[in-house]
A.B. asks: 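Just dropping this structure here.
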Amino acid sequence: MDIILKSVIYLGILGGLYALVYYLNHKTPLPKGCENLKAECNGCHDLSCCNNPAHDE
């Protein structure tokens with residue numbers, strides 16, 4: 001029973017850390033010049049890039 005309690009506490013701590021880092025990441029402002037990358041992207045051959053204009057079609 002003791003190992004189950006420890007594992008639940010451990011997973012709770014990991015979940016809390018993940019939530020804190022996720023929140024702080026979204027709270028951080030973008031650096032200057034990186035606000036709108038799609039406007040300057042002419043498109044490369046990397047279709048997995050989220051800024052590729054092929055995704056707008």
Side-chain angles (χ1 to χ4, degrees):
M1 188 69 176
D2 189 38
I3 194 160
I4 294 174
L5 182 60
K6 286 181 182 179
S7 61
V8 168
I9 291 172
Y10 181 72
L11 289 175
I13 290 172
L14 285 178
L17 285 174
Y18 177 79
L20 177 66
V21 170
Y22 185 82
Y23 169 74
L24 291 175
N25 185 37
H26 282 280
K27 188 178 171 186
T28 305
L30 292 174
K32 289 184 180 179
C34 295
E35 291 88 7
N36 189 4
L37 292 177
K38 275 195 173 197
E40 298 175 6
C41 181
N42 295 327
C44 58
H45 298 290
D46 186 9
L47 293 177
S48 65
C49 176
C50 64
N51 293 324
N52 193 313
H55 296 291
D56 294 335
E57 296 175 357

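The first residue in the sequence is number 1, and the count goes up from there.
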A.B. asks: With sequence neighbours left out, what residues match Y18 under side-chain contact (heavy atoms from CB on, under 4.5 Å)?
C.D. replies: Y22
A.B. asks: Taking ring-ring contact (aromatic ring centres under 6.0 Å, His included) as the definition, give me every residue that meets it alongside Y23, ordered by chain and number, with sequence neighbours left out.
C.D. replies: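 Once residues adjacent in sequence are excluded, Y23 has no partner under the ring-ring contact (aromatic ring centres under 6.0 Å, His included) criterion.
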A.B. asks: Using a 4.5 Å cut-off between side-chain heavy atoms of Ile, Leu, Val, Met, Phe, Trp and Tyr, which other residues end up in the same hydrophobic cluster as L17?
C.D. replies: L5, I9, I13
A.B. asks: What pairs of residues pass the salt bridge (charged side-chain N to carboxylate O under 4.0 Å, His left out) test when at least one of them lies in residues 2-26, not counting sequence neighbours?
C.D. replies: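 Listed once each, the pairs are D2-K6.
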A.B. asks: Under 4.5 Å side-chain heavy-atom separation, chaining through any Ile, Leu, Val, Met, Phe, Trp or Tyr, what else clusters with I3? Say none if it is isolated.
C.D. replies: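 Its cluster mates, by chain and number, are I4, V8.
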